[in-house]
Protein chains: 2
Amino acid sequence: MEADANVSRRPLEQELVSRGVRMTHQRRLLVQIIQSADGHLDAVGLWQRAMQQDPTLNKVTVYRTLGMLKKLGLVDELDLMHLEGGKHYYEAKTTRDHIHLACTKCGRIQEFESSLFEKLKGQIERERQFRISTVRVEAGGLCDRCQE
Amino acid sequence: MEADANVSRRPLEQELVSRGVRMTHQRRLLVQIIQSADGHLDAVGLWQRAMQQDPTLNKVTVYRTLGMLKKLGLVDELDLMHLEGGKHYYEAKTTRDHIHLACTKCGRIQEFESSLFEKLKGQIERERQFRISTVRVEAGGLCDRCQE
DNA sequence: GTACTTGCAAAGATTTTGCTTCCAA
DNA sequence: TTGGAAGCAAAATCTTTGCAAGTAC
């Protein structure tokens, strides 16, 4: 299984099929939730949403599915500065890379895109001959609403 | 206890004293190890090094000390793309912010400084009125030695 | 039919908490 | 002397693994 930085814009399910991944109904459900979620789901949150539709779906299956998607490079794994415990968050890699801003006071997560970020990635690849497959930028601090 | 983005270049021990933190011999030892380490120590690694000098030092003390240093903004916590498990790595915040490049093949960690990174931080603070106290940039991929 | 996937239970890894004793200031 | 810190044991949190039974292709 190889990660792929050039992620298509196809729905995850189609992407998996085209990569020869066996589509079980558990995977179909999980992948649909990830795709339609506003983002930043943790494993247990994903599991809870899934159980609303299939109460027999096991938490272990969630972890295994996330592991597979991560290996295939179809989801990004985030920590969001560990605002609440050591868990991880996942989001489909369907958009441009973006930066996550985590407010340490109210817990709000903002996303931020920037061409500077794209330039920075280019600089790294050029100057270090480093072939980036995943980048994670997370900033912790006070958001505009929480200052003063 | 408040985080402070303007970290002095003083040795951690002096910094703690000046902030009114009680200096136990355990803290003195841990802080010296963190400071003299090449960086990227995880809690258990720090504990093991500390035990060479004080075999009675408890692992819990390591976690509590790291927690304190983190709250005070004197160390940065890293994940290094979880190359090996879900543990965290720590490094003294004595240098300029830098990016960590983690090779998914050989596990090597490189550091990278860039003025683009500084500009990016400025852009975030300006455009979002977000007061950054910690930033973490981690890239996973193949280092120069591991390609082809 | 067969290899891959799931569910279940159990274990593993990392970090945190409660409480008593101890020590730095 | 006294409030904060350390040690110990236990628990909490998050994630992974082994194996039997089930299922997609």
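In what follows, chains carry the letters A, B, and so on, assigned in the order in which the sequence lines appear, proteins first and then strands, with residues in each chain numbered from 1.
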Next item on the list: For residues A:R96 and A:S114, report the shortest heavy-atom separation together with the two atoms involved.
Entry: NH2-O, 4.2 Å

Check: Roughly, in whole Å, what's the span from NZ in B:K59 to P in D:dG7?
Finding: 14 Å

Note to self: Nearest heavy atom decides the nucleotide; on that basis, is B:G86 or A:V60 closer to the 5' end of DNA chain C?
What the structure shows: A:V60

Item checked: Pi-cation contact, A:F117 with A:K119 (under 6.0 Å, within 45°) -> no

Next item on the list: Calculate the interatomic distance between A:H25 atom NE2 and D:dA24 atom C1'; express it in whole Å.
Entry: 11 Å

Next item on the list: Report whether B:I99 and B:I132 are members of the same hydrophobic cluster (ILVMFWY, side-chain heavy atoms less than 4.5 Å apart, transitive linking).
Entry: yes

Next item on the list: Taking only the side-chain nitrogens and oxygens of A:R64, find out if one of them lies under 4.0 Å from OP1 or OP2 of C:dC4.
Entry: no

Checklist line | Residue whose nearest DNA chain C nucleotide is more 5′ - B:E84 or A:L57 | finding: A:L57

Notebook entry, point to check: Is there a side-chain polar atom (N or O) of A:Y63 under 4.0 Å from OP1 or OP2 of D:dT15?
Noted result: yes

Next item on the list: Could you state the atom-to-atom distance from CG of A:L69 to P of C:dT5 in whole Å?
Entry: 12 Å

Next item on the list: Indicate whether OP1 or OP2 belonging to C:dC23 is found under 4.0 Å from a side-chain N or O atom of B:Q26.
Entry: no

Check: What is the distance, rounded to the nearest whole Å, between atom CZ of B:R19 and atom P of C:dA25?
Finding: 17 Å

Item checked: From C:dC23, D:dT15, D:dC25, nucleotide with atom closest to B:R22 side chain -> C:dC23

Next item on the list: Measure the shortest side-chain to side-chain distance between B:R19 and B:L16 over non-hydrogen atoms and say whether it is less than 4.5 angstrom.
Entry: no

Check: Quick one: which of C:dT6, C:dA9, D:dG4 gets closest to the side chain of A:T24?
Finding: C:dT6

Check: So does A:N58 get a side-chain nitrogen or oxygen closer than 4.0 Å to the phosphate oxygens (OP1/OP2) of C:dT6?
Finding: no

Next item on the list: Return the value, rounded to whole Å, for the distance between atom CG of A:L16 and atom P of D:dC25.
Entry: 11 Å

Check: Nearest-Å distance, CE (A:M23) to C1' (C:dT6)?
Finding: 14 Å

Margin query: Does atom CZ (A:R108) have a neighbourhood of more than 12 heavy atoms from anything else shown, all under 6.0 Å?
Written below: yes

Next item on the list: Using only heavy-atom distances, determine whether the side chains of A:Q110 and A:H100 contain a donor-acceptor pair under 3.5 Å.
Entry: no

Margin query: Could you work out how much the helix from C:dG1-D:dC25 to C:dA25-D:dT1 bends, comparing the axis of its first five pairs with that of its last five, to 10°?
Written below: 50°

Check: Considering only D:dA6, C:dT16, C:dA25, which nucleotide approaches the side chain of B:T61 most closely?
Finding: D:dA6

Checklist line | B:L66 CG - D:dA5 C1' separation (whole Å) | finding: 15 Å

Notebook entry, point to check: Would you say a side-chain N or O of A:H88 is under 4.0 Å from OP1 or OP2 of D:dC14?
Noted result: no

Next item on the list: Sort out for me which residue in B:R49, B:Q53, B:R27, B:E13 forms a side chain to side chain contact (heavy atoms under 4.5 Å, CB included) with B:Q32.
Entry: B:E13

Notebook entry, point to check: Knowing that exactly one of A:I109, A:D76, A:L80 qualifies, which makes a side chain to side chain contact (heavy atoms under 4.5 Å, CB included) with A:Y89?
Noted result: A:L80

Next item on the list: To the nearest Å, give me how far apart CG (B:D42) and P (C:dT14) are.
Entry: 7 Å

